[in-house]
Asks: 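Quick one: the structure is below, questions incoming.
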Amino acid sequence: MTATTINFVRHGKVYNPDHLLYERLPDFHLSARGQRMAQATGAYIANSPQMNTAVAVYSSPLDRTRETANEILLKLNAVRSERGQESLELLTDDRLIEAGNEFRGTRIGHGEGALWRPRNLKLVSNLWKPSWGESYKSIAARVQNFAQEKVREYPGQQIIVVTHESPIWSYRHLLETGHPEHNMLLRKTALASVTSITYDSQTGEVLSITYVDPAKDVQ
């Protein structure tokens, strides 16, 4: 049996002094700490005998994920160079993008946060769906579609995929419980963390799910 592992990485911390919900907005980049987090996770991947054999690196098209992926690529390509292998280039896929959210561009929980304004209460009427944007079912479905395609495309290989908290956790929750709906406060997807999902390359069946937080001590 051959196995394919997709290592889902959440992006590093974003520079966001106005505390806006940036969602899919452009020009939200990694902060200095976020860059260090991405570098720490890149070093972890480069030092892993399994992950440093990755044959492709994908990311969401947003700035913060591409910047995180590029830091990982720097570390990974240095290892590949030592082996005499060609450098990998970043590939992007829209299925990995952040969840759509009707609160984009607003301040949530800071001062007169948009969440508590009467006109927005209808958006938080259903936390399970959720009612404020793209459903967890939709998010998980597009990530699952991406994952199953890559399992077939890279049989027996490792790949790195840099995306966002909601896509990673919605998909993981679907795999572990049979449904993507979840309490968003109970997610286990730290910034720059790695959720590795290993599949049977022939059937697409999930064999294992592991989680590490290489950047937890980065200041």
Side-chain angles (χ1 to χ4, degrees), residues 4-16 20-31 33-35 37-42 44-45 51 54-77 88-105 130 132-151 153-154 158-175 180 182 184 187-197 209 211-215:
T4 301
T5 300
I6 303 180
N7 302 285
F8 289 95
V9 180
R10 186 182 174 193
H11 62 81
K13 186 174 179 60
V14 172
Y15 179 71
N16 183 21
L20 299 179
L21 182 64
Y22 38 78
E23 191 236 23
R24 298 178 179 177
L25 296 174
D27 296 324
F28 279 88
H29 303 276
L30 293 182
S31 65
R33 183 184 174 204
Q35 291 172 343
M37 296 174 88
Q39 290 161 2
T41 297
Y44 179 86
I45 290 171
M51 282 186 274
V55 296
V57 177
Y58 286 85
S59 87
S60 152
L62 296 176
D63 294 317
R64 57 193 181 274
T65 44
R66 289 189 292 106
E67 291 166 358
T68 301
N70 282 326
E71 294 290 354
I72 291 170
L73 275 169
L74 283 174
K75 304 289 189 182
L76 189 56
N77 281 333
L88 299 176
E89 295 186 1
L90 181 60
L91 304 167
T92 60
D93 194 297
D94 288 344
R95 289 171 291 183
L96 302 172
I97 202 166
E98 177 64 285
N101 194 310
E102 294 303 319
F103 288 109
R104 75 184 66 82
W132 55 80
E134 184 181 9
S135 71
Y136 294 138
K137 182 177 180 179
S138 169
I139 298 165
R142 57 180 166 85
V143 179
Q144 184 173 53
N145 178 270
F146 169 87
Q148 289 299 319
E149 177 186 292
K150 299 313 169 189
V151 168
E153 186 175 347
Y154 300 102
Q158 298 252 345
I159 68 170
I160 310 297
V161 174
V162 185
T163 179
H164 309 267
E165 180 181 38
S166 187
I168 295 171
W169 189 257
S170 298
Y171 177 50
R172 177 178 176 176
H173 206 265
L174 172 67
L175 296 178
H182 61 276
M184 64 184 295
R187 292 173 180 169
K188 188 180 179 183
T189 320
L191 291 166
S193 62
V194 184
T195 301
S196 299
I197 305 177
I209 300 176
Y211 172 84
V212 294
D213 185 3

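None of the values given here were measured: they were computed from a predicted structure.
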Asks: Output the distance between atom CD1 (Ile72) and atom CG (Leu76), rounded to the nearest 0.5 Å.
Replies: 8.5 Å
Asks: Could you tell me which non-hydrogen atom of Ile139 sits nearest to which non-hydrogen atom of Ala99, and how far apart they are?
Replies: CD1-CB, 3.4 Å
Asks: At their closest point, which heavy atom of Tyr154 faces which heavy atom of Thr4, and how far apart are they?
Replies: O-OG1, 2.9 Å
Asks: Using the test side chain to side chain contact (heavy atoms under 4.5 Å, CB included), find all partners of Tyr15 that sit at least two apart in sequence or belong to another chain.
Replies: Pro17, Ser31
Asks: Would you compute the distance between atom CD of Gln35 and atom NE2 of His29 and round it to the nearest 0.5 angstrom?
Replies: 10.5 Å
Asks: Passes side chain to side chain contact (heavy atoms under 4.5 Å, CB included), His11 versus Leu191? Steps please.
Replies: CA-CA 6 Å; His11 62 81; Leu191 291 166; 4.1 Å; yes
Asks: Please name all residues satisfying salt bridge (Lys or Arg N to Asp or Glu O under 4.0 Å) with Glu165, sequence neighbours left out, ordered by chain then number.
Replies: Arg10, Arg187
Asks: Applying salt bridge (Lys or Arg N to Asp or Glu O under 4.0 Å), name anything that partners Asp93, two or more places apart in sequence or on another chain.
Replies: Arg95
Asks: Does the side chain of Arg142 come within less than 4.5 Å of Ile97's, by heavy atoms?
Replies: yes
Asks: Could you work out, with side chain to side chain contact (heavy atoms under 4.5 Å, CB included) as the rule, every residue matching Ala215, not counting sequence neighbours?
Replies: Met37, Ala40, Thr41, Ala192, Val218
Asks: Do Pro180 and Lys137 make a side-chain contact, defined as non-hydrogen atoms from C-beta onward lying under 4.5 Å apart?
Replies: yes
Asks: Got a donor-acceptor contact below 3.5 angstrom from the Asn70 side chain to the Arg66 backbone?
Replies: yes
Asks: Can you check whether Ser196's main-chain N or O pairs, donor with acceptor, with Asn7's side chain at less than 3.5 Å?
Replies: no
Asks: To the nearest 0.5 Å, what is the distance between CD (Glu71) and CD (Gln39)?
Replies: 4.5 Å
Asks: Who pairs with Ala190 by side chain to side chain contact (heavy atoms under 4.5 Å, CB included), at least two apart in sequence or on another chain?
Replies: Ser193, Tyr211, Asp213
Asks: With sequence neighbours left out, what residues match Leu175 under side chain to side chain contact (heavy atoms under 4.5 Å, CB included)?
Replies: Gln144, Tyr171, Ile197, Val206, Ile209
Asks: Residues two or more places apart in sequence or in another chain: which of them pass ring pair (Phe, Tyr, Trp, His ring centres under 6.0 Å) with Phe28?
Replies: Tyr22
Asks: Once you round to the nearest 0.5 Å, how far does CG of Asn16 lie from CG of Leu25?
Replies: 10.0 Å
Asks: Tyr44: which residues meet the ring pair (Phe, Tyr, Trp, His ring centres under 6.0 Å) condition with it, sequence neighbours left out?
Replies: none
Asks: List in chain and number order the residues that pass salt bridge (Lys or Arg N to Asp or Glu O under 4.0 Å) with Glu98, two or more places apart in sequence or in another chain; answer none if no residue qualifies.
Replies: Arg64
Asks: Do you know the tightest heavy-atom contact between His164 and Leu96?
Replies: CD2-O, 3.3 Å
Asks: Consider side chain to side chain contact (heavy atoms under 4.5 Å, CB included). Of Leu30, Leu62, Val162, which one does Glu67 pass it with?
Replies: Leu30
Asks: From Ile45 CD1 over to Met51 CE, what is the distance, rounded to the nearest 0.5 angstrom?
Replies: 5.5 Å
Asks: Test of understanding: with side chain to side chain donor-acceptor pair (under 3.5 Å), list the residues that count as partners of Ser59, not counting sequence neighbours.
Replies: none
Asks: List in chain and number order the residues that pass salt bridge (Lys or Arg N to Asp or Glu O under 4.0 Å) with Lys13, two or more places apart in sequence or in another chain; answer none if no residue qualifies.
Replies: none
Asks: Calculate, to the nearest 0.5 Å, the distance between atoms CZ and CD1 belonging to Phe8 and Ile159 respectively.
Replies: 7.0 Å
Asks: Quick one: side chain to side chain donor-acceptor pair (under 3.5 Å) partners of Lys150, sequence neighbours excluded?
Replies: Tyr58, Glu153
Asks: Do the side chain of Asp63 and the main chain of Asp27 share a donor and acceptor less than 3.5 angstrom apart?
Replies: yes
Asks: Is it the case that the side chain of Thr68 and the backbone of Gly12 share a donor-acceptor pair, with hydrogens and angles ignored and the cut-off at 3.5 Å?
Replies: yes
